[in-house]
Amino acid sequence: MVRENEIRYGEVAVDPPPATDAGLVFIGLIRTPWTSRMMTPRQGRADGPVCRIEIFEPWWQALDSVEQFERLEVLYWLHLSRRDLVLQSPANDGSARGTFSLRSPARPNPIGTSIATLVGVENGVVLVRGLDCLDGTPLLDIKPDRALFTPIAPPQPGDLETG
Ligand code: SAM
């Protein structure tokens with residue numbers, strides 16, 4: 001069940017240290033069709049609506065070559081989330097679990113990630129499908145989907161031996 005800011009039966013909140021943004025800079029704004037958390041999907045879908053990721057001007061050059069990737073990992077700041085819950089009841093049924101066992105938006109550092117399908121890149125705007133955030137959510141980063149990279153393993157003993 002989607003949460004606004006309530007505490008549910010079984011949940012535990014703590015008194016967190018004062019929130020800071022740890023020196024992060026928001027590098028853009030995400031435009032989606034969703035204006036309420038109740039309407040926003042819990043996870044993005046590859047067949048979801050096209051959303052606009054509007055990159056702020058100093059970072060436009062960083063979009064060079066992005067269009068060659070089919071899927072992008074998008075990281076965003078779930079800015080309306082509460083940040084003090086250590087136990088949460090996602091179903092609001094009295095049973096609670098630790099925050100780090102959930103993908104809930106309520107977390108000490110409310111970073112959301114989605115693997116999005118690239119639709120296009122034009123004039124500082126990246127068009128994607130597969131997001132699940134509110135209209136106006138701040139953008140933290142964009143990276144190619146890690147599954148598209150082959151890990152570079154360090155040399156292992158025996159690698160150079162020939163039969
Ligand atoms: N896909 C991301 C992840 O797994 O890290 C986020 C998943 S989270 C369950 C998605 C939910 O966060 C949405 O359904 C909505 O209720 C909530 N949400 C979306 N944008 C938000 C924002 N800007 N601030 C707070 N909550 C938000």
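Indexing begins at 1, ligand by ligand and atom by atom, following the structure's order. FYI, the numbering just counts along the sequence from 1. Bear in mind that the values here come from a model prediction, so they are computed numbers and not experimental data.
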* Considering Met1, Arg37, Arg107, Arg3, which one's heavy-atom position lies nearest to atom 16 (O) of ligand 1? ->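 It is Arg37 whose heavy atom sits nearest to atom 16 (O) of ligand 1.
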* Asked: Which is closest to atom 25 (C) of ligand 1 in terms of heavy atoms, Ser81, Ser104, Cys133?
  ->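 Checking each option, the heavy atom nearest atom 25 (C) of ligand 1 is found in Ser81.
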Under a 4.0 angstrom heavy-atom cut-off, which atoms of ligand 1 come close to [X]?
X	answer
Gly112	5 (O)
Val2	16 (O)
Ser114	1 (N)
Leu134	19 (C), 20 (N), 21 (C), 22 (C), 23 (N)

Nearest neighbour in protein (non-hydrogen) for [atom]:
atom	result
atom 15 (C) of ligand 1	Thr40 CB, 3.9 Å
atom 4 (O) of ligand 1	Arg103 NE, 2.6 Å
atom 10 (C) of ligand 1	Arg42 O, 3.4 Å
atom 13 (C) of ligand 1	Pro41 O, 3.5 Å
atom 21 (C) of ligand 1	Leu78 CD2, 3.4 Å
atom 17 (C) of ligand 1	Pro105 CG, 3.8 Å
atom 2 (C) of ligand 1	Thr113 O, 3.1 Å
atom 24 (N) of ligand 1	Leu80 N, 3.1 Å

* Asp132 to ligand 1: N or O pair under 3.5 Å? ->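 Yes: some nitrogen or oxygen of Asp132 is under 3.5 Å from one in ligand 1.
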* **Backbone or side-chain N or O of Thr137 under 3.5 Å from ligand 1 N or O** =>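 In this structure, Thr137 places an N or O atom under 3.5 Å from an N or O of ligand 1.
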Can you measure from [atom1] ([X]) to [atom2] ([Y]) and round to the nearest 0.5 angstrom?
X	Y	atom1	atom2	answer
Ile7	Arg82	CD1	CZ	4.0 Å
Leu24	Ile111	CG	CD1	6.5 Å
Leu87	Arg97	CG	CZ	11.0 Å
Leu29	Asp135	CG	CG	7.5 Å

Spell out, as yes or no, whether a donor-acceptor pair under 3.5 Å connects the side chain of [X] to the backbone of [Y].
X	Y	result
Gln88	Val86	no
Asp145	Leu72	no
Arg37	Leu80	yes

* To do: Ignoring hydrogens and angles, state whether a donor on the side chain of Ser81 or Arg3 is under 3.5 Å from an acceptor on the partner side chain.
  =>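 The answer is no; no qualifying pair exists.
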* Taking atom types as modelled and ignoring hydrogens, do the side chains of Ser89 and Glu11 form a donor-acceptor contact shorter than 3.5 angstrom? ->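 Distance-only check fails for Ser89 and Glu11.
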* **Tyr76: which of Thr113, Thr137, Asp141, Asp132 passes side chain to side chain donor-acceptor pair (under 3.5 Å)** =>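 Among Thr113, Thr137, Asp141, Asp132, the one that satisfies the side chain to side chain donor-acceptor pair (under 3.5 Å) with Tyr76 is Asp132.
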* **Proximity flag Tyr76 to ligand 1, non-hydrogen atoms under 4.0 Å** =>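 Per 4.0 Å heavy-atom rule, Tyr76 contacts ligand 1.
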* Asked: Among Val74, Leu63, Val125, which residue meets the side chain to side chain contact (heavy atoms under 4.5 Å, CB included) test with Ile53?
  ->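 Only one of Val74, Leu63, Val125 forms a side chain to side chain contact (heavy atoms under 4.5 Å, CB included) with Ile53, namely Val74.
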